[in-house]
J.: 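Sharing a structure here in structure tokens format.
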Amino acid sequence: MRSSGEYKKIDYLPVILYGLIVIFGWLNIFSAIRSEVFDFAMPYGRQLIWMAIAFVTAAIILCFEPRFFSNGAYIFYVLSLLLLIATLFAGRVVNGARSWLYITNTIAFQPSEIAKMCTALAMAKYISGQDVDLRQWRAWVPVFVILLIPMGLIILQHDMGSALVFICFVIPFYRFGFHRAFIRIGFAAVILFILPQSGWFGQKYDNYIISGIVLLCCLFYLFIYIGKPKRKHYLVTLLAFSLCVGYIFAGDFLFSKLDAHQRDRFKVLFDPNYRLSDEGYNVHQSKIAIGSGGFAGKGPLHGTVTNAHFVPEQETDFIFCTVGEEYGFIGAAGLLLAYLWLLMHIIMMAERQASAFARFYGYSVAAIFFFHIFINVSMVLGLMPCIGIPLPFLSYGGTSLLSFTILLFIFIRMDASHTSLL
């Protein structure tokens, strides 16, 4: 346990930002699903209880020694994997994904949210080892093993949104020496997976036309960028082209194996008018709600789309459209600036850490928050497919609020120590 004098070392700015966003989130949850009488059985009432639990948990975390999280990192990681495995067998199917463990008929939690935090701790523990250098090939295998095991288990639960969040660990990897080529390869992989599903070139010939575009890019690389290619350049280009074409056709095959509702979400991204009465309905209504808010919004509790409950799941994944309608551009921009302030401050805190463990963990916290914020807001605006991930501290959900709180306050506790955690 910490001494009372160490409370003076806590950086209270992220604590204040956290509290303000959580309270603002509750106001929007209340607005999205309020009733005539305040009821703790309603989501806004349950969220208030979860807020109290989260605040108490945050205070308890600040009482622990930072070494507790470093020494127990692998234990927490293994426990999270056991929870993910248990979910595969004992979890309930909600919205097509078997990702929830029910304690009672009304109390449940999502192990994938806990797995993100535990994976960040385990990854930080491994990378902070004395002989680990991400600039060397031999260091990559354990990194990918730690990352891909929970990701794979979550994919088996058919919870693609939570699984994709693990991609965000590339950001702290890059900070710790991961070659920038992996960023480029990852970006290209995403583009080559999505483009064939866009329908821009006609469904029948998409793969062949995109393969032709890849060929033109390879030729540009050889004769324009290189100028005077040697034999090794031809071999590398031929290998890259073959891998890209194979990936395009393999990605198309894997896409066909996704659930129908997951494929439809990609189609909605490229065709806003696709199935407006079904898969495209949420995004269509959320854009109407945000657009109707204008510059200053309609005011708290006065959102017409929100009051009419036109947006399903508005208190969870689509809570941002409540902000846009009732608080307008000013409120939405203010919220995003608060998130940006929090993210930038976490990065600043990470840079001043004495240990590699705390530094990597801090970057992981910022990366997880950034990924959730970017994907959720883009999803609500129709710029990304609906993959169903919450907006940190704002969306309704006890598991997400508690896991995000623990994730943040562990790092705040590490920052207050200013000692090596190894």
Side-chain angles (χ1 to χ4, degrees), residues 17-39 42-48 50-51 95 161 265 268-269 271-342 369-370 372-397 400-401 404:
L17 289 172
Y18 159 81
L20 291 175
I21 296 173
V22 169
I23 293 171
F24 184 63
W26 182 85
L27 292 174
N28 283 276
I29 293 170
F30 178 75
S31 179
I33 47 173
R34 69 184 187 275
S35 59
E36 294 295 331
V37 180
F38 191 91
D39 187 357
M42 296 293 288
Y44 57 76
R46 293 197 294 268
Q47 187 74 356
L48 202 59
W50 279 111
M51 286 168 59
N95 294 329
R265 287 172 180 177
V268 169
L269 175 65
D271 183 4
N273 296 317
Y274 179 79
R275 300 190 67 178
L276 289 181
S277 62
D278 194 1
E279 294 296 338
Y281 179 79
N282 280 32
V283 174
H284 181 66
Q285 292 296 331
S286 70
K287 290 193 288 187
I288 291 175
I290 294 172
S292 67
F295 184 73
K298 299 175 180 177
L301 307 180
H302 288 89
T304 52
V305 177
T306 298
N307 291 340
H309 304 292
F310 283 149
V311 184
E313 308 294 337
Q314 188 166 354
E315 72 277 12
T316 54
D317 299 339
F318 284 82
I319 192 67
F320 186 75
C321 71
T322 305
V323 179
E325 182 180 23
E326 298 192 346
Y327 300 91
F329 174 80
I330 295 176
L335 174 63
L336 294 179
L337 287 174
Y339 275 131
L340 179 62
W341 194 0
L342 178 62
F369 285 163
F370 170 77
H372 271 267
I373 296 164
F374 176 76
I375 295 297
N376 182 279
V377 173
S378 299
M379 174 187 76
V380 172
L381 295 174
L383 301 176
M384 294 287 286
C386 293
I387 61 175
I389 61 174
L391 193 57
F393 310 129
L394 212 77
S395 295
Y396 166 72
S400 64
L401 175 61
F404 284 133

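It should be emphasised that the depicted structure is a prediction, and the values quoted were computed from it without experimental measurement.
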J.: Find out whether P300 and Y327 are in side-chain contact, i.e. whether some heavy atom of one side chain is under 4.5 Å from a heavy atom of the other.
T.: yes

J.: Apply side-chain contact (heavy atoms from CB on, under 4.5 Å) to the pair N28 and F320, showing each step before the final yes or no.
T.: CA-CA 9 Å; N28 283 276; F320 186 75; over 6 Å; no

J.: With no hydrogens and no angle check, is any side-chain donor or acceptor of D317 less than 3.5 Å from a backbone partner on N376?
T.: no

J.: Taking the side chain as C-beta and beyond, is there a heavy-atom pair between T304 and E325 under 4.5 Å?
T.: yes

J.: Find the distance between CZ (F318) and CE (M379) and round it off to the nearest 0.5 Å.
T.: 4.5 Å

J.: For residues A32 and T322, report the shortest heavy-atom separation together with the two atoms involved.
T.: CB-OG1, 4.1 Å

J.: For the side chain of H372 and the backbone of P390, is there at least one donor-acceptor N/O pair under 3.5 Å apart?
T.: yes

J.: Rounded to the nearest 0.5 Å, what separation is found between the CZ atom of F370 and the CG atom of L340?
T.: 10.0 Å

J.: Nearest heavy-atom pair of I33 and M42: which atoms, and what distance?
T.: O-CE, 3.6 Å

J.: Hey, what's the ring geometry for F329 with F295, parallel, tilted or perpendicular (30° and 60° as the breaks)?
T.: parallel

J.: Is there a side-chain contact between Y396 and R46 in this structure, where contact means two heavy atoms from C-beta onward sitting under 4.5 Å apart?
T.: yes

J.: Sequence neighbours excluded, which residues qualify as ring pair (Phe, Tyr, Trp, His ring centres under 6.0 Å) partners of Y339?
T.: none

J.: When rounded to the nearest 0.5 angstrom, what is the spacing between OG in S31 and NE2 in H302?
T.: 9.5 Å

J.: I'd like to know if the side chain of Q47 reaches the main chain of G397, judged simply by a donor and an acceptor atom lying under 3.5 Å from each other, with no hydrogens or angles considered.
T.: yes

J.: Is there a side-chain contact (heavy atoms from CB on, under 4.5 Å) between Q285 and I288? Walk through the geometry before answering.
T.: CA-CA 5 Å; Q285 292 296 331; I288 291 175; 4.1 Å; yes

J.: Out of curiosity, T316 OG1 to I29 CD1, how far, rounded to the nearest 0.5 Å?
T.: 9.0 Å

J.: Testing Y18, W50, F24, W26 for ring pair (Phe, Tyr, Trp, His ring centres under 6.0 Å) with F393, which one passes?
T.: Y18

J.: List the atom of G382, the atom of V283, and the distance in Å for their closest heavy-atom pair.
T.: CA-CG1, 3.7 Å

J.: If you compare all heavy atoms of S400 against all heavy atoms of S395, which two are closest, and at what distance to 0.1 Å?
T.: OG-O, 4.4 Å

J.: Please report the shortest heavy-atom distance between S286 and V380, naming the atom on each side.
T.: OG-O, 2.8 Å

J.: Any sub-3.5 Å donor-acceptor pair from S378's side-chain atoms to I375's backbone N or O?
T.: no

J.: Grab the two heavy atoms, one from E326 and one from G303, that are nearest each other, plus how far apart they are.
T.: OE2-N, 3.5 Å

